[in-house]
Amino acid sequence: MQRRQFIMLGLAAGATLATGVTLYPLFDRQEEQKQQDAILVLDALLPAILLGALPGDPAAQQQALFNTRKAVLDFLPFLPKRQQAELHQLFFLLSQQLTRLALTGHSMALAELSLELRLQLLTSWRDSYLTLLQQAYSGLRELLLAAYYGQPQHWQALAYQAPEFRAYE
Amino acid sequence: MNDPIKQGLANGWRHIDAATLTEDQQFEADVVIIGTGAGGGMAAEILTQAGLSVIMLEHGALWSSSDFRQQERWAYPHLYQDGAGRKTKDQAIAILQGRTVGGSTTVNWTTSIRTPQPTLDYWRSEFGLDFSGEQSLEPYFAKAAGRLDISKWQVPPNPNNAALQRGCENLGWQYTVIERNVHGCANLGYCGMGCPLNAKQSMLVTTIPAALAGGALLISKVSARQFQFKGDKIQQLDAVAVDQHYQPTARVKLKFKARHYVLAGGAINSPALLLRSGIADPSGRLGKHTYLHPSVISGALFHDAISGHAGAPQSIYSDQFVWPAGNEAGFKLEVPPVHPVLMASKLTGMAELHAGMMQKFNHLQVMIALLRDGFHPQAQGGQVQLDADGEPVLDYQVTDYLWRGVQQAYLAMAELQFAAGAEAVMPVHQDAMLYSSWQQAKTAIADLPLKTYRAALASAHVMGGCNMSVDAAKGVVDAFGNHHQLNNLSVIDGSVLPSSLGANPQLTIYALAWRNTEQLVQRLRG
């Protein structure tokens, strides 16, 4: 896909998001559905954002992705309700058919895009002139990277170790 | 290991974790203090020692040294406002603020700086606040220094701070060795996750234990929701317990009645409580003029290891640019501690580019420039608003004036990092690259777009929103923190500051809190 196409798709996604965010108080998605939306989107974006950081061994990579997804989901309830609602709205839109069409021009789910296209999609949000897409980019990027690097098992590549004074119960 | 809080509790200190309560309760005291940070913690000890009955309320939990673990994934959700995910309304500026017993003092980097004279001069001319002669804060700086072991850091700076010092020396720029509030510091570098050794003399290990030993009651995991008032008197404070994620719930309601109320929730939460309560705001300044010291970041790669996670996080600062001769925005140069989550989330980019930088983690030197907002007509701060849940959100717009300061700050930091021996410098900005010479960086920085979301911006200093002013038309509280309209309310925290400080705020807040609480004791006795 060409860069120009992506810019257009970014616009369409922006319009969807803009409409969606104003709608969010109106719909009441069940907790379980929200969780499913989040998982679908996280599973699609984590391998892209963490490209180059994830362990090479396939089993270790799967474990790292699973643990990072869990770390994101465990962290979300600490955010203010307002920010949680915005994120769930974003997860909902990105996991829906409507968004697939808007983003790709095809009936293609986020998870069906190649890693390269997922990164291009994220970059198109970053460079969009729509505030909502820029916010989506910077919010998701921070959330996902923080969740990955918060885990001691990912510190080896950094040659970093935290001091430990005692066993924590 | 020695944990003075757990020992005190075992010896009968009065503490209630509101999350464990099963039914509504009502409490009474001479003074109810909302918030246990630099302001509330200091006030609690002085009021208790004056013989007054005191209740301290804290939204966060009572965590202490034996709970602290040197991991950001534990510390951020449990010790910081909004799990360290607090941001301005447009999400452009990340805000680090404590939310635990001891407030930000439990997690700050221990930097202790007296209020700069030009700041006091500005307050005098704009707000009629006279801190000279008899009213000088100097005796209170000295008292705070004695109480909290504030002294110049004698240990050589860690390589992250040493680079700042070396750059200044090589360029002939001003720098200062920082005074820190520590006693028996082991130079670990984990101040931001709670001191595991009780070396940092935060409110958690100094004034709050003293207040508890003096009979004060501490209630943690409680969110103050609303003051009930009649005429010029607050009659009651309504609060609720919070859940395991620190979210307010309606499950258990708590009511507090006191002769006097001390509001010390910090510069975002204090104005929010007054806004929720619908308290009159004749000056029109409540929740407004909220300052952040918006900070820009510059990373540099050094040949030798920097390991910015180890050692006192801040031991050197430079005021070379904080009070410029012209009209431009000044900025203070410091360094932050370099820990994995803080760096991973602040560094720009993703995928291979980001992973590559993270692999150079131990060779990464990081500088921050704290912009001095609040002195110029084009830097009048942000506004605290309430969202649909009644929770505060800060609307803060970075003005063109401040953006020019951002650019100057990127330039100064890059010049300094190269002067200190950096092999490459990367301003933390979406459009920046790694630059291998000062000349290259200089040209590139001039072209970086000065826009929201392109430049990574952060704040660890929130100030204002209930500003002090002698004239009731220009402030929410008077020069002693007494609310201009409500007779039995004082505000004792960073929200009273009428501008940013151009310096890290804890020592200013300690001094003002000490002075203003002494005056409050006189009032309550009289």
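In what follows, every chain begins at residue 1, and chains take the letters A, B, ... in the order their sequences are listed.
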Atom CD in B/E352, atom CG in A/L119: separation rounded to 0.5 Å?
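So the gap between those two atoms works out to 8.0 Å.
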What's the spacing between B/R86 CZ and A/Q83 CD if we round to 0.5 Å?
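Between atom CZ of B/R86 and atom CD of A/Q83 there are 9.5 Å.
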Please determine whether a side-chain nitrogen of the Lys or Arg among A/E142 and B/K346 lies less than 4.0 Å from a carboxylate oxygen of the Asp or Glu.
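Looking at B/K346 together with A/E142, the answer is yes, because their closest N to O distance falls below 4.0 Å.
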Determine, for A/R82 against B/D387, whether the closest basic-nitrogen to carboxylate-oxygen distance falls under 4.0 angstrom.
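Here A/R82 pairs with B/D387 in a salt bridge, since their nearest N and O are under 4.0 Å apart.
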Chain B contact via [X] - side chain, backbone, both or neither, heavy atoms under 4.5 Å:
X	value
A/A48	backbone
A/Q151	both
A/Y137	side chain
A/Q84	side chain

As a quick check of understanding, evaluate ring pair (Phe, Tyr, Trp, His ring centres under 6.0 Å) for A/F78 and B/H78, giving each step before the final call.
CA-CA 9 Å; A/F78 289 97; B/H78 290 293; 5.5 Å; yes
Most heavy-atom pairs under 4.5 angstrom with chain B, which of [options]?
options	value
A/P80, A/A146, A/A147	A/P80
A/G150, A/G139, A/P77, A/A157	A/P77
A/Y160, A/Y148, A/W155, A/F75	A/Y160

B/K87, B/Q71, B/Q247: which one forms the most heavy-atom pairs within less than 4.5 Å of chain A?
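Sorted descending by pairs with chain A, the first entry is B/Q247.
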Write down the atom of A/L158, the atom of B/M358, and the distance for their closest heavy-atom approach.
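That would be CG-O, 3.6 Å.
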Exercise: identify the closest heavy-atom pair between B/R454 and A/D127
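That would be NH2-OD1, 3.0 Å.
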Is there a donor-acceptor contact under 3.5 Å from the side chain of B/Q91 to the main chain of A/S138?
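No, B/Q91 side chain to A/S138 backbone: no donor-acceptor pair under 3.5 Å.
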